[in-house]
Amino acid sequence: MAVGGIKTGYYMGETYQERLNKITDKNAANAFQTAYAKKMAGSTDAISSISRSYSAGKAGAANFADAFLMYDVVTHVGNADISSANWQRNDFPFWKYFEKGTGADALNDWTPSGPNPPQTRSDLQRNYGSIGPGRIAVLVPDSLQAKMDADPAYARQIMAKLQEWKEDYDRWDNTVAAGYGMNVAEHQASKSYVFDLDEEGNVRNCTVTSSGGISGPTEEERRQFEAEQEAKRKRRVKYIRILEESAERRKLQEKENMRRYIDTLYKKE
């Protein structure tokens, strides 16, 4: 089923199970399930409200700048041809798409060198940090732009589709951030995005930066979170044991009190 060109019951353009099957991190998977449930319930909790407000635009927006009023938007029309494998590398120079003089096809010939480097590499951190917060770059195929130019109603559908995709992503990403104890409002405000669209206006590739790095908790933050969770688990186990020991002591004391009471009755008799 579709409303205004947008499939209902989908999350980030896919069915619940399709998207969930792609998530390998347990914490991210749990956050996705929570975010999906919030969307289906029409939740107005703080995370959903923040995520929605940052994907709002002018009513009936027919261009990307009007669709995302909270952001500095640059659009590159042209035929980007980047493999998913290249796009997902930490050293893929997506930051160049924020430069107004860069064409959509400017990185088509980019080829990696060596294994995928860590996000923490100093030069990559500098490049991520050069983007800054509150920016969006959109790569639009020539054919899609032509269809939007010819049909404003179709253009509005494309804007609504990308707005929904981004809101879904943010709800999920912000739920992950909240799980790691991050300030969701600050995390959301620090993000910038590159959207690579296909000829139907679907998100083919996407990169999101936050606070100078690729969005999501760092390895150090994940380790800290896991350590905290393990400490909490140990405390719960210890607490349960204390309760069990206390209950056992109470049971023994009650037996002793009953024995004494019965002894007293026998003595009176």
Side-chain angles (χ1 to χ4, degrees), residues 6 11-14 19 22 28 31-32 35 39 47-58 61 63-78 80 82 84 86-100 102-104 106-107 119 124-125 127-141 144-145 148 158-177 182 184-198 200-218:
I6 302 171
Y11 206 100
M12 295 173 64
E14 296 176 301
R19 174 58 59 170
K22 295 180 179 179
F32 174 79
K39 177 182 179 178
I47 290 177
S48 297
S49 297
I50 290 171
S51 303
R52 186 173 301 114
S53 66
Y54 274 81
S55 294
K58 291 182 181 178
N63 63 70
F64 296 104
D66 287 345
F68 298 102
L69 293 176
M70 301 286 282
Y71 296 88
D72 174 18
V73 180
V74 58
T75 303
H76 302 294
V77 179
I82 313 293
S84 293
N86 279 359
W87 190 287
Q88 291 167 10
R89 283 181 61 98
N90 293 328
D91 56 352
F92 177 69
F94 65 88
W95 48 86
K96 292 184 179 296
Y97 288 128
F98 289 97
E99 300 171 5
K100 293 186 178 179
T102 301
L107 301 177
Q119 294 179 19
L124 297 180
Q125 285 295 309
N127 287 323
Y128 301 156
S130 69
I131 297 168
R135 305 180 69 190
I136 290 178
V138 190
L139 311 184
V140 186
L144 175 60
Q145 187 63 53
M148 291 193 297
I158 297 301
M159 299 307 122
K161 182 188 292 187
L162 185 55
Q163 284 173 320
E164 183 184 38
W165 194 99
K166 178 181 175 298
E167 180 184 334
D168 285 350
Y169 169 83
D170 284 335
R171 186 187 291 104
W172 173 25
D173 180 63
N174 289 337
T175 301
V176 174
M182 299 168 68
V184 171
E186 292 178 0
H187 178 63
Q188 176 64 70
S190 72
K191 296 180 197 176
S192 288
Y193 309 74
V194 180
F195 296 115
D196 172 32
L197 305 183
D198 66 16
E200 302 302 320
N202 301 307
V203 176
R204 177 169 50 193
N205 293 300
C206 174
T207 296
V208 183
T209 59
S210 174
S211 301
I214 293 177
S215 182
T218 65

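Computed from heavy atoms alone, side chains included, the values below leave out hydrogens, waters and symmetry copies. None of these values were measured; they are calculated from a predicted model.
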Checklist outcome for this item: Ala104 and Ala80 have their tightest heavy-atom pair at O-CB, 3.2 Å
Checklist entry - Are the side chains of Leu107 and Pro93 in touch, meaning some heavy atoms are under 4.5 Å apart? => result yes
Checklist entry - In terms of ring plane angle, is the pair Phe68 and Tyr71 parallel, tilted or perpendicular, where the classes change at 30° and 60°? => result perpendicular
Item to check | Tyr128 OH to Phe94 CZ distance, which is reported to the nearest 0.5 Å | outcome: 5.5 Å
Item to check | Reported CD-to-OG distance for the pair Glu164 and Ser55, which is rounded to 0.5 angstrom | outcome: 10.0 Å
Next on the checklist: For Val77 versus Gln145, what's the shortest heavy-atom pair and its separation?
Outcome noted: CG2-OE1, 3.6 Å
Next on the checklist: Looking at every heavy atom in both Pro133 and Ala189, which two are closest together, and how far apart are they?
Outcome noted: CB-O, 3.5 Å
Item to check | Criterion side chain to side chain contact (heavy atoms under 4.5 Å, CB included) on Gln188 and Asp170, from CA distance to verdict | outcome: CA-CA 8 Å; Gln188 176 64 70; Asp170 284 335; 3.3 Å; yes
Item to check | Residue pair Ser84 / Asn205: nearest heavy atoms and the distance that separates them | outcome: OG-OD1, 3.6 Å
Next on the checklist: Quick check on the 6.0 Å ring-centre criterion: do Phe195 and Phe64 meet it?
Outcome noted: no
Checklist entry - Are any non-hydrogen side-chain atoms of Phe98 and Ser192 less than 4.5 angstrom apart? => result yes
Next on the checklist: Any salt bridge linking Arg204 with Asp198? Criterion: basic side-chain nitrogen under 4.0 Å from a carboxylate oxygen.
Outcome noted: no
Checklist entry - Which is it for Leu197 and Leu162 under the side chain to side chain contact (heavy atoms under 4.5 Å, CB included) test, yes or no, and what are the steps along the way? => result CA-CA 9 Å; Leu197 305 183; Leu162 185 55; 4.2 Å; yes
Next on the checklist: Taking the side chain as everything from C-beta on, heavy atoms only, tell me whether Met12 gets closer than 4.5 Å to Val203.
Outcome noted: no
Checklist entry - How long is the gap from OG1 on Thr102 to CG on Leu139, to the nearest 0.5 Å? => result 10.0 Å
Next on the checklist: Would you compute the distance between atom CD1 of Ile136 and atom OG1 of Thr75 and round it to the nearest 0.5 angstrom?
Outcome noted: 9.5 Å
Item to check | Non-hydrogen atoms of Glu200 and Lys161 that approach each other most closely | outcome: O-NZ, 2.9 Å
Item to check | Interatomic spacing from OH in Tyr169 to OH in Tyr193 - rounded to 0.5 Å | outcome: 7.0 Å
Checklist outcome for this item: One should read off an interatomic distance between Asn174 CG and Glu167 CD, to the nearest 0.5 angstrom, of 10.5 Å
Next on the checklist: Test your reading of the model: is there a side-chain donor-acceptor pair from His76 to the backbone of Tyr97, 3.5 Å cut-off?
Outcome noted: yes
Next on the checklist: Using modelled atom types and a 3.5 Å cut-off, is there a donor and acceptor pairing between side-chain atoms of Trp172 and backbone atoms of Ala28?
Outcome noted: yes
Item to check | His187 versus Ser210, side-chain donor and acceptor atoms under 3.5 Å | outcome: yes
Next on the checklist: Can you confirm if the NZ or CZ of Lys191 lies within 45° of the ring axis of Tyr54 and under 6.0 Å from the centre of its six-membered ring?
Outcome noted: no
Item to check | Closest heavy-atom pair and its distance - Asn63, Asp66 | outcome: OD1-N, 2.8 Å
Next on the checklist: Could you walk me through whether Ser48 and Arg52 satisfy the side chain to side chain contact (heavy atoms under 4.5 Å, CB included) test, starting with their C-alpha distance in whole Å, then the side-chain angles of each, then the deciding distance to 0.1 Å, before giving a yes or no?
Outcome noted: CA-CA 6 Å; Ser48 297; Arg52 186 173 301 114; 4.2 Å; yes
